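Step one of this worksheet: look at the structure below.
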Amino acid sequence: MMKRSLSLLAALAIFTVTGAVQAAEGASWSTDYQAALKEAKAANKPILADFTGSDWCTWCIRLGEDTFSKSEFAAFAKDNLVLLEVDFPQGKAQAASVKKQNEELAAKFGVEGFPTLVLIDGRGKEIARHVGYLPGGPEAMIDWIKKSVPKS
C-alpha cells in the first residue's frame, strides 16, 4: 500500500511539474519593447505589459503564480496577446539597456506601483490599465482583457 501511494504521489508530482512547464512555455514574455510593438502591429494584437518587481513584490509574484503560470492564460495569450515584462528587480541582474528602457516605459505610462498591467496597441498607445493584483486567476485576467480591447 505504501509503495502504491508513493508511486501515485510521484506520478502526481511529475504531472504537476509538466503542466507548469507547458504553461510557462506557452506564455512567452519579451523584455524588448520595440520588438513587442513590431509584433503587436504585424499580428494586430495588443501588448499586455506587466510592470513588475518580479523578485521582491509579493503581489507581483502572486499574480505570476495565480494567473500567468496557468495553462488557461498561456493558451489565451498565445492567440491574443503580445506579452511584455517590464521588470524592476532588486536582486536579479538586468542589462543596462533593459533597465533604461523599463525606466522610460514606467515614466511614459505613469506607472507608480506594482503590479501595473497596461494594454498597449501596436502604435504604443495605452488601451487600458489595471493597478494592483487582479484576483480570480486566468479567468478574471482574460475577462478584463476581453472587456478592455476594442473589437477589430
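In this text, all values refer to a predicted model and were calculated from it rather than measured experimentally.
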Practice item. On the 0 to 90° scale, with breaks at 30° and 60°, tag the His130-Trp144 ring pair as parallel, tilted or perpendicular. Key: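 Perpendicular: the ring planes of His130 and Trp144 meet at over 60°.
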Is [Y] close to [X] at the side-chain level, that is, under 4.5 Å between some pair of heavy atoms?
X	Y	value
Gln34	Lys38	no
Asp121	Pro46	no
Lys125	Ile120	no
Asp50	Pro115	yes
Glu126	Arg129	yes
Leu48	Ile145	yes
Lys45	Leu81	no

To check you understand the geometry: which heavy-atom pair defines the closest contact between [X] and [Y], and what is its length?
X	Y	answer
Pro138	Lys70	CG-CB, 3.5 Å
Ala49	Val86	CB-CG2, 4.3 Å
Gly122	Leu37	O-CD2, 3.6 Å
Ala77	Leu83	CB-CD1, 3.8 Å

Review point. Does the side chain of Thr52 come under 3.5 Å of the side chain of Asp87 through a donor N or O and an acceptor N or O?
Key: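 Thr52 vs Asp87: no donor-acceptor pair found between side chains.
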**Study point:** Ring center gap for Trp56 and Phe88 short of 6.0 angstrom
**Key:**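 No.
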**Study point:** Lys78 side chain to Ser28 backbone, donor-acceptor under 3.5 Å
**Key:**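 Not a single qualifying donor-acceptor pair exists.
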Check your understanding: Does Thr116 use its side chain to pair, donor to acceptor, with the backbone of Val111 at less than 3.5 Å?
Key ->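 Answer holds: no.
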Supply the atom-to-atom distance [X] [atom1] to [Y] [atom2], rounded to the nearest 0.5 angstrom.
X	Y	atom1	atom2	value
Asp143	Ser148	CG	OG	9.0 Å
Glu72	Glu139	CD	CD	5.5 Å
Thr31	Gln94	OG1	CD	8.0 Å
Asn80	Lys146	CG	NZ	7.5 Å
Phe51	Leu117	CZ	CG	9.5 Å

Exercise for review: Kindly indicate, with the supporting measurements, whether the criterion salt bridge (charged side-chain N to carboxylate O under 4.0 Å, His left out) is fulfilled by Asp66 and Arg62.
Suggested key: CA-CA 6 Å; Asp66 294 351; Arg62 187 165 172 197; 3.1 Å; yes
Check your understanding: Val149 and Leu119: side chain to side chain contact (heavy atoms under 4.5 Å, CB included), yes or no, with the steps?
Key -> CA-CA 8 Å; Val149 176; Leu119 287 166; 4.0 Å; yes
Heavy-atom count around [X] [atom1] within 6.0 Å, excluding the residue itself: above 12?
X	atom1	answer
Glu112	CD	no
Lys92	NZ	yes
Lys108	NZ	yes

Exercise for review: Decide side chain to side chain donor-acceptor pair (under 3.5 Å) for Tyr33 and Asn102; before the verdict, give the C-alpha distance in whole Å, the side-chain angles of both, and the deciding distance to 0.1 Å.
Suggested key: CA-CA 9 Å; Tyr33 178 63; Asn102 291 357; over 6 Å; no
Point to revise | Shared hydrophobic cluster for Phe73 and Trp59 (ILVMFWY, side-chain gaps under 4.5 Å) | key: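 Linked, Phe73 and Trp59 end up in one cluster.
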Exercise for review: Please check if Ile127 and Leu105 belong to a single hydrophobic cluster, counting links between Ile, Leu, Val, Met, Phe, Trp and Tyr side chain heavy atoms closer than 4.5 Å.
Suggested key: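 Shared cluster, no.
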Check your understanding: Of the options Ile47, Val118, Asp32, which is the one that meets Leu84 in a side-chain contact (heavy atoms from CB on, under 4.5 Å)?
Key ->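 Testing Leu84 for a side-chain contact (heavy atoms from CB on, under 4.5 Å) against Ile47, Val118, Asp32 leaves exactly one candidate, Ile47.
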Review point. Could you walk me through whether Phe68 and Met141 pass the side chain to side chain contact (heavy atoms under 4.5 Å, CB included) check?
Key: CA-CA 9 Å; Phe68 297 145; Met141 179 69 67; 3.8 Å; yes
